[in-house]
Every structure is written in structure tokens, then in C-alpha cells.
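Remember, it's a predicted structure, so these values are computed and weren't measured experimentally.
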Amino acid sequence: MLERQRVVEPCIFCRIVRGELGTEFVDQSDTAVAFHDLQPAAPTHVLVVPRRHLGGLRDLRDPVVAADLLMLVNRVAKDLGLTKGGYRVITNDGPDAGQTVNHLHFHVLGGQKLPEALA
């Protein structure tokens with residue numbers, strides 16, 4: 001008798017959203033979750049990702065999800081004390097932009113003066 005092997009989904013963010021990795025959420029909504037980046041690029045570095053798999057910003061078509069993602073970004077920044085000094089929100093779309101996880105996500109960075117952004 002052949003034993004069925006469990007197929008592991010390759011999208012790490014989908015696994016985090018489902019709670020498979022025990023990642024603690026900073027905040028969450030009906031359509032998105034926020035959690036600390038494991039390789040922070042600033043003293044505060046949180047990722048905000050949709051619960052539904054979307055490859056990148058180019059795949060975002062639902063205005064309700066879009067608004068909810070940005071509202072969660074704003075709430076996380078406020079709750080973590082970033083709104084006083086300012087914060088940066090970044091998303092990379094595709095490999096040429098530096099996207100390393102093929103799941104839409106926003107980086108919320110702050111906690112110090114950040115270097116000038118690329119224009």
C-alpha cells in the first residue's frame with residue numbers, strides 16, 4: 001500500500017497566515033495579517049500580507065482588500081509608535097524590484113531616521 005505524502009505549500013506567507021508556523025501576529029483584520037520580519041532592515045520592521053494569496057501588487061484587484069491592507073498598515077504604524085517620527089511603507093512587485101517572496105506584502109519600516117529612498 002502506498003502512503004500518501006503531505007504536500008507542503010511553497011508559499012511561506014500562506015503558511016504563516018494559516019498559523020502553521022506559530023508566527024505571532026502584531027495585528028490582523030478579516031483580510032490581512034501583520035507580523036515582524038525575521039530579517040529586519042530597521043528597528044521596527046513589520047510585514048502586512050493579505051490572507052488570500054496574491055503574487056504581487058499587480059494581482060490586487062479587490063478594492064476592499066486594498067483598503068483593508070492600507071488601513072492595517074496605518075494601524076500597525078500607529079500602535080507601534082511610528083506615526084510621530086514617520087515611517088516608510090514599501091512593496092516590491094516582481095524579481096526586478098527585489099521581491100523575494102511571491103506573495104503580496106507591505107514592509108512597514110521605522111523606529112529611526114531612514115536613509116533616502118530611491119526615486
Side-chain angles (χ1 to χ4, degrees):
M1 179 187 297
L2 293 174
E3 186 177 319
R4 292 184 116 184
Q5 291 184 343
R6 181 174 173 224
V7 177
V8 176
E9 184 172 343
C11 180
I12 189 74
F13 289 168
C14 286
R15 295 184 67 208
I16 289 171
V17 165
R18 287 193 303 265
E20 294 177 8
L21 303 178
T23 303
E24 184 177 338
F25 296 151
V26 172
D27 200 347
Q28 58 187 309
S29 68
D30 290 341
T31 65
V33 300
F35 52 90
H36 289 282
D37 193 305
L38 289 178
Q39 297 177 323
T44 301
H45 188 166
V46 173
L47 301 177
V48 176
V49 307
R51 290 182 185 273
R52 184 177 75 205
H53 183 85
L54 298 168
L57 192 58
R58 68 193 167 281
D59 299 319
L60 181 58
R61 307 263 187 289
D62 185 334
V64 172
V65 173
D68 193 54
L69 282 163
L70 292 177
M71 293 304 294
L72 186 57
V73 163
N74 196 32
R75 192 166 68 228
V76 164
K78 182 180 177 188
D79 290 348
L80 295 178
L82 301 179
T83 55
K84 183 177 180 182
Y87 60 99
R88 184 173 296 160
V89 180
I90 301 170
T91 188
N92 302 311
D93 196 339
D96 288 351
Q99 185 179 10
T100 57
V101 177
N102 187 33
H103 186 123
L104 174 61
H105 57 286
F106 292 92
H107 298 260
V108 181
L109 302 147
Q112 70 180 28
K113 184 165 177 58
L114 300 171
E116 294 292 321
L118 296 174

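No donor-acceptor pair closer than 3.5 Å links the side chain of Q28 to the backbone N or O of V33. Within the 3.5 Å criterion, the main-chain N or O of H105 finds a donor-acceptor partner in the side chain of T91. One N or O on the side chain of H53 and one on the backbone of N102 form a donor-acceptor pair closer than 3.5 Å. Proximity of a side-chain donor or acceptor of H103 to a complementary backbone N or O of P50 within less than 3.5 Å is detected.
Residues passing the side chain to side chain contact (heavy atoms under 4.5 Å, CB included) test with D62 are R52, V64, V65, sequence neighbours excluded. When the side chain to side chain contact (heavy atoms under 4.5 Å, CB included) test is applied to A77, the partners found at least two apart in sequence or on another chain are L82, T83, Y87, V108.
In this pair, H45 and H107 present their aromatic rings tilted. The plane angle is within the 30 to 60° band.
In this structure, L57 and F106 have side chains that are in contact, with non-hydrogen atoms separated by less than 4.5 Å. Put simply, the side chain of L69 reaches to within 4.5 Å of the side chain of V48, judged on heavy atoms. Using a 4.5 Å heavy-atom cutoff, the side chains of L104 and D59 are not in contact. For the pair I12/L21, a side-chain contact is recorded, criterion being any heavy-atom separation below 4.5 Å from C-beta on.
Of all heavy-atom pairs between L109 and A41, the closest is CD2-CB, 4.2 Å. Contact between L60 and A66 at its shortest, heavy atoms only, is CD2-CB, 3.6 Å. Contact detail for A42 and G110: the closest heavy-atom pair is CB-O, 3.6 Å.
By the criterion of side-chain heavy atoms lying less than 4.5 angstrom apart, applied directly or through intervening Ile, Leu, Val, Met, Phe, Trp or Tyr residues, I90 is grouped together with L114 in one hydrophobic cluster. At a threshold of 4.5 Å between side-chain heavy atoms, the hydrophobic network of Ile, Leu, Val, Met, Phe, Trp and Tyr places V49 and V76 in two separate groups. Cluster membership check: F35 does not share its hydrophobic cluster with L72, using side-chain heavy-atom separations under 4.5 Å among Ile, Leu, Val, Met, Phe, Trp and Tyr.
The distance from the SG atom of C11 to the CD1 atom of I16 is 8.5 Å, given to the nearest 0.5 Å. For the atom pair CZ of F13 and CG of L54, the computed distance is 13.0 Å after rounding to the nearest 0.5 Å. Atom CG of D68 sits about 9.5 Å away from atom CZ of R51, to the nearest 0.5 Å.
Residue pairs that meet the salt bridge (charged side-chain N to carboxylate O under 4.0 Å, His left out) test with at least one member in residues 74-90, sequence neighbours left out, are D27-R75.
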